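The shown structure was predicted, so the numbers you read here are calculated from the model rather than taken from an experiment. In what follows, every chain begins at residue 1, and chains take the letters A, B, ... in the order their sequences are listed.
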Amino acid sequence: MRYSLKSLLVNGFRGNRHWTPAWRSPAPRARYDVVIIGGGGHGLATAYYLAREHGITNIAVLEKGWIGGGNTGRNTTNVRSDYMFPESAALYDFSLRLYERLAHDINYNIMLSQRGWLTLIHDHHQMESARHKANWLICNGVDGEIVERAGVARMLPLLNIDDNPRYPVLGAFLQRRGGTIRHDAVAWGYARAASRLGVDIIENCAVTGFERAGDAITAIETGRGRIAAGKIGVAVAGHSSVIADMAGFRLPVTSRCLQAMVSEPVKPILDHVVISPATGVYINQTQKGELVIGGMLDLYHSYGQRGTFPTIEKVLTAAVEMFPAFASMRLMRHWAGIVDIVPDSSPILGATPVSNMFINCGWGTGGFKAIPAGGFLLAHAIATGIPHPLAEAFALNRFRTNRLVDEGAAAGIAH
Amino acid sequence: MQSRSALTSVPMGDDLDIYEETGHAHVLCTAALDAGIIAAPLGRALGVDVPLAPGPVMVGEDRAAMWLSPRSWLIRLPEAAEDQVMQAVLARFPERTVHASRYSDQLCWLGIEGAASADLLAAGGFISLERDGLPIGHIKRTLFADVPVLIWRRAQSDWSVAVERSRAGYLAAWIARI
Amino acid sequence: MIVIRCPYCNELRHEEELEYGGEADVVRPDPGSADDIDWTDYLYMRTNTKGVHFEQWCCRAGCGQWFKVARHTVSHEITEVIPYDKKFAHQDRH
Amino acid sequence: MAAPSNPYRVGEGGLIDRTRPLAFHFNGQRMQGYAGDTVASALIANGVSLIARSFKYHRPRGFLGSGLEDPNAMVEIRDGYGFDAAVRAGQVRLAAGMQVRSVSGWPSLNFDIGALAGYAAKFIKAGFYYKTFMWPNWHLYEPLIRRTTGFGRVDANARPHPRRQHHATCDVLIIGGGAAGIATASALGGSGLRVILADDQPQLGGSLLWSDIEIGGTSAAAWAGDRQAALDGAAAVQVLTDTVVTGAYEGNMFTLLQSFHTDGSPEAPGGIASECLWKLRAGSVVLATGSVERPLVFAGNDRPGVMLASAVRKYLAVHGVAPARELAVFTNNDAGYAAAFAALKAGVRVPAVIDVRDAPPKEFMQRLAAASVRCITGAEVIGTSGGRQLDGITVVPLGGGARQHIRCDGLALSGGATPLVHLTAHRGSKPVYKADVAAFVSGDLPEDWHAVGDACSPCSLSEALTQAHDAARAICRREGVAAPEFSPPDVAQTPGLPIQAHWRAGTGNPSDMFVDFQNDVTVQDIELAVLEGYVSVEHLKRYTTLGMGTDQGRTSNINGLAILAALTGRDMSEVGTTTFRPPYTAVRLGAIAGDRQGPLFRPERLIPAHALHVRAGAVFEDFGWQRPDWYRSNGADREAAVRAEMAAVRSTLGIFDGSPLGKIEISGPDAAAFLDRFYVSNLRTLKPGRIRYSVMTGEDGVIFDDGVVTCVDETLYLAGPTSAHADEVANRLERWRQTEWPELRVGIASVTSNWASFAVAGPRARTTLAALQPDFDVSNAAFPHMSYRAGRIDGIPVRVSRISFTGELQYEINVPARYGQGLMRRLMDISEPACGRLIGMEAWLRLRLEKGYLHVGSDTNGRTTPLDIGMARVVAGKHADFIGKRSLALAYAQSADREQLVGLRAESGQLRVGGRVLADGAMPPCRTEGYVTSACHSPTLGISIGLALIERGHSRLGERVRIFDSGTIVDAEICPPVFYDPENERLQA
């Protein structure tokens with residue numbers, strides 16, 4: 001049923017007893033043309049775009065737990081496209097543009113709130129880098145600007161802008177189109193839209209192994225039986241190495257723990273997304289009034305979705321240093337996701353050493369903002385067998401030629 | 001050129017006394033070989049035996065040797081003896097299989113004494129995760145108030161804390177705020 | 001919070017005193033003879049094990065020594081800590 | 001003014017101190033409580049039953065619980081020390097002078113316009129916002145929605161509560177000071193093990209404080225008191241009251257939050273005087289956190305006056321407060337009866353006890369009959385009446401029958417006990433369902449953990465005491481100490497009967513049956529979620545927000561998923577629970593940040609002569625160290641000063657404090673061979689007393705650092721990495737020595753901070769050095785460019801390097817740090833007549849730009865290699881391997897279209913760092929070919945110059961390019977990067 005104010009009213013009067021499942025939960029079939037491993041945002045988006053853009057509908061999405069339960073449901077929901085290398089800028093801005101019309105495309109309110117993404121500038125060197133970034137973005141056709149100190153003070157009334165000897169605020173880099181999205185809505189919205197196009201979404205279905213013929217994989221062994229597959233897409237973020245290992249190849253990926261935390265909700269006090277790379281914290285306030293706070297990665301390789309306290313302590317200390325009034329707010333919950341870190345902090349998209357397996361990983365700490373593009377481009381690779389122009393720079397083989405796209409080095413910490 | 005110390009003293013009340021320990025010279029000895037081979041001759045050159053294991057500080061009559069790593073030791077000695085010891089080490093190890101570095105100014109040594117000293121240290125970090133804590137007479141390297149330090153427990157409530165000189169001002173401010 | 005007893009200074013060290021050094025026993029090929037595949041494997045490819053992972057740690061705030069640890073990357077249980085020049089007892093790859 | 005009365009305070013009893021009244025304000029109205037009250041108990045004593053409006057429908061809400069489990073009682077509190085925008089009233093101890101305000105309801109708590117939302121309820125069920133607000137876009141609706149959400153307002157001017165941190169270790173951590181915790185601690189008392197017992201209440205005892213059971217012949221509360229006294233006396237046991245264990249982490253690390261409370265008085269401030277965040281490492285852990293009671297779910301169960309039975313008992317026994325005049329009880333287990341008996345004892349009328357069970361314990365029935373209280377068995381409550389206060393309930397037999405209405409202004413609910421297993425969940429242990437007690441209990445415990453009492457599984461008091469004793473024995477065995485003689489005391493407790501799970505009472509309107517009181521999640525919301533397929537427990541939680549409130553779902557989670565299980569025909573274990581996240585209860589961000597603010601936020605590093613620089617008017621900037629960026633004494637503003645400083649170096653003399661520059665001594669027979677493996681240049685040919693510049697790359701061939709290397713003699717070299725990388729380079733050398741090349745006989749000693757270092761640069765540098773009267777010849781012949789001398793000045797050891805970063809004659813003078821200030825003063829005196837100046841970082845960097853010297857990090861980025869900065873010949877000329885060399889042979893490193901470092905001369909406008917070099921002709925948006933990495937107006941050349949990384953730059957010298965910068969275009973010519981004295985005559989002079 002289509003979602004609208006009208007459907008809300010009609011169903012309300014009828015006692016809300018006639019709503020239908022957002023997505024079907026069928027038993028897996030014996031064979032699919034395409035099987036997507038991973039029921040997070042990227043996997044579900046891949047299925048949706050395969051069906052919508054390429055007319056392939058005999059698709060299953062296999063999720064070992066519940067859809068959106070990985071990083072899609074654990075991240076700090078920030079979106080932006082202020083990347084510097086043209087390859088990255090094109091990729092992430094394509095993603096943001098897809099997000100900008102997604103609610104209408106899939107008839108599900110993902111609550112895209114383009115409240116502006118502010119990167120604080122604390123010294124002259126950072127100011128020069130920020131100016132470079134703004135220039136580069138404009139050359140790339142992406143919006144970005146420098147806000148002077150006074151402007152930052154107006155936008156962030158609670159920011160400690162006068163009395164912070166260690167990290168004075170000289171200004172900020174602003175991308176107005178940056179902001180936040182309701183993360184669960186992205187998973188559920190894509191699932192619902194894909195399901196209506198015929199995609200089977202199969203939860204509680206862990207992949208346990210592969211059947212091979214030559215350099216191809218013919219079938220997938222799962223907790224819910226054997227599933228034959230024509231082509232396979234992999235979008236499992238922090239668990240990419242595990243699937244790759246089953247399929248017989250290695251990736252330049254290290255899985256690390258990235259923590260996030262929320263405060264108890266209060267009335268609106270922060271209207272933008274603000275990040276201070278130098279102090280290592282980024283913050284936004286949810287529609288519910290909670291502060292969502294994130295920061296640096298945990299120090300070591302981990303698959304345990306539990307964070308370590310020293311990181312929490314560093315991140316919150318930075319938050320209080322930047323916003324002293326936050327000292328009286330309360331930390332309600334902290335949790336962690338497993339992110340897939342690659343040496344150049346850029347994604348890996350497209351072909352793998354297995355001829356009919358295509359992968360989407362390596363987004364590291366920035367996967368959420370890239371969900372529409374990641375899905376769209378993986379779908380293209382699966383459907384056509386060749387990389388989409390936007391994905392060419394991000395092939396796995398770039399590590400053989402050392403032609404890296406090092407946003408990490410160019411753009412500081414990216415979330 | 002007269003001397004300047006990073007910190008003179010911090011008034012702390014009667015159960016805590018904090019001051020900068022001055023009047024010693026320090027030499028850092030770094031070995032290019034396994035300690036076993038060079039320990040004995042090095043001890044003779046220094047006038048104090050160098051410990052081959054972590055933990056207790058070797059105390060001679062006017063100098064002390066502290067284990068920093070399997071191949072490095074910090075030697076505390078009278079200022080007058082500094083140059084002589086540097087020369088003695090070079091004479092004993094002409095190929096510099098052990099090298100003596102000037103280190104008297106690298107670290108700022110704080111004396112922390114008094115009943116409240118343990119609490120002060122506990123506010124800055126885990127001085128030891130060991131069941132019995134840091135034994136008297138032992139030295140260890142760790143983090144304190146987010147900076148690397150050497151902590152030497154001289155007596156039950158008598159500690160020497162060495163911090164890199166550039167961070168002494170920060171540490172003094174950190175202590176003063178307690 | 002990870003806690004490891006450093007095999008060199010024999011102290012229990014917590015993670016803020018330690019530095020993580022990534023996968024252990026990644027063999028550096030001879031730069032003179034390694035082809036591009038060997039070399040880029042060495043540079044970038046990692047096993048990224050989910051399970052018992054053989055890795056390097058440094059007693060950074062302590063004695064500064066690098067050593068090797070077998071750690072479960074889900075439970076973070078540490079099953080082996082050895083000096084750098086020793087081989088893991090339970091390491092199938094060796 | 002007469003003290004306000006406490007209409008709901010019972011005549012006597014309770015642990016409050018009735019001799020110490022405490023005055024406070026609620027919503028501006030003056031009230032009074034007593035020392036020992038919580039804000040909640042004091043408000044109830046004063047007759048407040050309506051405490052909040054619900055989140056979504058603005059329904060009137062009262063106190064459901066008595067502590068941190070209460071979903072309703074969020075209030076704003078200003079005490080004598082700080083401010084809380086929103087906190088649970090039952091969690092806060094009352095103090096004199098407190099200002100308490102409700103955080104919901106507008107214009108007032110009693111009359112709330114928002115209550116109109118109730119009429120729209122049917123349209124704003126779970127997840128309604130996902131289905132609308134899409135046209136034209138979310139931005140239209142967002143501001144409105146945001147305004148309606150959130151508890152309380154942050155006060156930007158409020159002082160934060162004082163806080164500190166403490167680190168500790170113990171052999172045994174016992175979490176929870178109820179019966180089980182006290183018993184475990186007592187059993188371990190004489191063992192010699194270091195025990196810490198933490199409890200979140202002001203006194204130990206937990207539910208013993210309101211229990212009517214007798215232990216060892218005395219009342220449970222008295223027993224708890226005696227034990228606490230004994231434990232306080234035990235040397236090895238530390239009892240921490242008012243202390244919450246907030247998080248459990250790997251390695252048996254815990255965070256605890258300890259509060260220090262003062263009651264206050266008209267003179268002295270009251271409230272939370274300070275908080276201490278503990279980081280504790282424990283050997284063994286005893287989880288004795290007990291359980292929290294669940295409400296029962298039925299229509300109208302959220303009306304003020306409806307309260308957990310355990311809360312009723314606590315208010316009566318601990319605070320001497322009766323929450324109602326006529327208190328009915330609705331239960332499915334034995335605990336409800338204790339509330340009835342406690343109420344009767346306190347003189348509260350009990351119209352009826354409703355038990356869903358057909359046959360409750362006989363003895364209970366008899367006691368009720370004796371007090372002529374109706375006991376309605378096999379029945380359930382299906383509705384409540386009243387406005388903002390309960391005035392009656394409707395009861396029917398299970399499976400239908402005659403309704404009866406019972407008048408009451410209070411209803412105590414007991415739906416069963418939910419073990420508090422949050423801390424095991426923090427460690428990744430999943431709770432498992434146990435049907436006989438209708439509860440999720442802790443699954444596999446982490447290593448060296450023991451769960452005792454209700455935290456293990458709801459049990460009788462005597463069972464709890466036995467478990468505690470067994471845990472103590474097990475711990476002693478593990479720790480290898482003798483278990484002291486201790487046997488659990490006798491307990492006089494009626495053998496109880498099992499609970500009868502009853503997840504949803506009655507068939508009334510599911511939209512009036514509240515499961516999560518704080519987020520207004522009703523049974524109908526769960527039905528809707530199931531209808532729409534959100535049937536995973538995590539989906540249910542996220543779609544309906546069940547259990548996501550500040551109470552963290554303590555009272556709602558289990559009821560919610562039981563109803564989910566019923567609706568989806570699954571059993572509880574199949575449904576499972578959501579994961580409890582740390583912290584156990586909300587913790588102030590300030591308490592976690594501690595006092596690391598301002599100068600203490602990040603340890604800052606000062607140069608030895610810092611104080612003198614301050615006096616000289618330095619404006620500092622943080623470059624890892626606090627370093628002078630420019631000097632006010634040299635000009636009115638940064639630009640003027642920088643120009644004056646540059647002019648001084650070019651014309652006479654500049655003094656630059658370079659103390660942070662890295663100083664690493666590499667010693668031993670293999671020192672040269674070792675260093676040669678890190679630097680791109682060939683260092684084996686470096687002669688004693690000579691200096692060579694070089695760069696260092698990572699294994700990927702990308703430039704990591706640069707600097708000079710000095711050969712003191714064949715077995716001692718000094719590496720001079722950049723100040724930013726000094727520590728990292730030393731660590732890197734040491735790591736490779738230990739892990740890759742242990743056979744090399746080399747020692748590495750980082751001595752950066754031991755030396756103060758001043759560069760004197762300019763035509764008068766030599767006379768200045770000479771004026772210091774060093775004990776060595778400083779003539780050009782004896783001390784040429786790129787050479788090194790060690791000697792003495794005034795008997796003080798000095799190390800002098802003749803190198804140049806500025807393009808002028810330059811010496812770098814190193815003295816032991818303690819003499820840094822003295823040397824600086826001497827240099828200023830000497831140079832004063834010659835109008836020498838102190839030089840800050842900015843001028844220093846511009847001088848090197850004129851000379852075309854590289855600044856790593858500015859003129860290199862994450863992929864710049866030695867080949868890109870014009871060192872191809874050096875690389876080719878080095879036959880030995882160096883770290884990163886192999887990667888320079890990879891395809892992309894060799895490719896033609898790489899960005900290469902070149903110079904730029906502006907032909908129009910001013911070059912600025914970050915300007916993008918446009919691909920020929922075009923205007924943005926368009927392809928670019930590189931960017932300006934360094935730039936300044938060169939006073940020496942009178943034009944704007946820069947360095948840039950430009951694609952194929954080395955082959956494009958003389959080419960004109962257009963540069964885009966903040967909307968303007970600058971025309972420039974690509975040129976060699978050396979603008980000043982290309983023949984190096986000045987630095988050779």
Relative to chain B, which segment of [X] carries a heavy atom at a distance below 4.5 Å: side chain, backbone, both, or neither?
X: D:Pro599; answer: backbone
X: D:Pro797; answer: side chain
X: D:Val751; answer: both
X: D:Asp713; answer: side chain
X: D:Arg745; answer: both
X: D:Ser750; answer: backbone

Can you tell which of [options] has the highest number of heavy-atom pairs within less than 4.5 Å of chain B?
options: D:Arg596, D:Glu714, D:Gln626; value: D:Arg596
options: D:Gly820, D:Cys170, D:Gly594, D:Gly668; value: D:Gly668
options: D:Asp595, D:Leu744, D:Thr169; value: D:Asp595

Take D:Trp736 and D:Trp741 through the ring-ring contact (aromatic ring centres under 6.0 Å, His included) test and state the conclusion after the steps. CA-CA 6 Å; D:Trp736 282 81; D:Trp741 303 315; 5.0 Å; yes
Which pairs of donor and acceptor atoms, one on a side chain in residues 275-282 of chain D, lie under 3.5 Å apart (sequence neighbours left out)?
from	atom 1	to	atom 2	distance (Å)
D:Glu275	OE1	D:Arg588	NH1	3.0
D:Glu275	OE2	D:Arg588	NH1	2.5
D:Trp278	NE1	D:Gln258	OE1	2.8
D:Lys279	NZ	A:Glu313	OE1	2.8
D:Lys279	NZ	A:Glu313	OE2	2.6
D:Lys279	NZ	D:Gln165	OE1	3.3
D:Arg281	NE	D:Gly251	O	3.0

Testing B:Trp159, B:Tyr170, B:Phe126, B:Trp174 one by one against B:Phe144 for a ring-ring contact (aromatic ring centres under 6.0 Å, His included), which residue passes? B:Trp174
Given heavy-atom pairs under 4.5 angstrom as the criterion, report whether the side chain, backbone, both or neither of [X] touches chain D.
X: B:Leu28; result: side chain
X: B:Glu164; result: side chain
X: B:Ser128; result: backbone

Best-contacting candidate, B:Gly124, B:Ala31, B:Ser104, B:Ala145, against chain D by heavy atom pairs under 4.5 angstrom: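 Among B:Gly124, B:Ala31, B:Ser104, B:Ala145, the one with the most close pairs to chain D is B:Ser104.
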Flag the one option from B:Pro94, B:Ser101, B:Ser72 with the top tally of heavy-atom pairs under 4.5 Å to chain D. B:Ser101
Nearest atoms (heavy-atom pairs only) where D:Gly791 meets D:Asp775: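 Closest pair (atom of D:Gly791, atom of D:Asp775, distance): CA-OD1, 3.3 Å.
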Approximate separation, where rounding is to 0.5 Å, of [X] [atom1] and [Y] [atom2]:
X: B:Arg167; Y: B:Leu107; atom1: CZ; atom2: CG; answer: 11.0 Å
X: D:Ile813; Y: D:Met824; atom1: CD1; atom2: CE; answer: 13.0 Å
X: D:Phe620; Y: D:His610; atom1: CZ; atom2: NE2; answer: 4.0 Å

Can you name the residues that form a side chain to side chain donor-acceptor pair (under 3.5 Å) with D:Thr739, not counting sequence neighbours?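 With neighbours one apart ignored, the set is empty.
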Do B:Arg76's NZ or CZ and the ring of B:Trp109 fall within the cation-pi criteria of under 6.0 Å and 45°?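 Cation-pi check for B:Arg76 and B:Trp109: passes.
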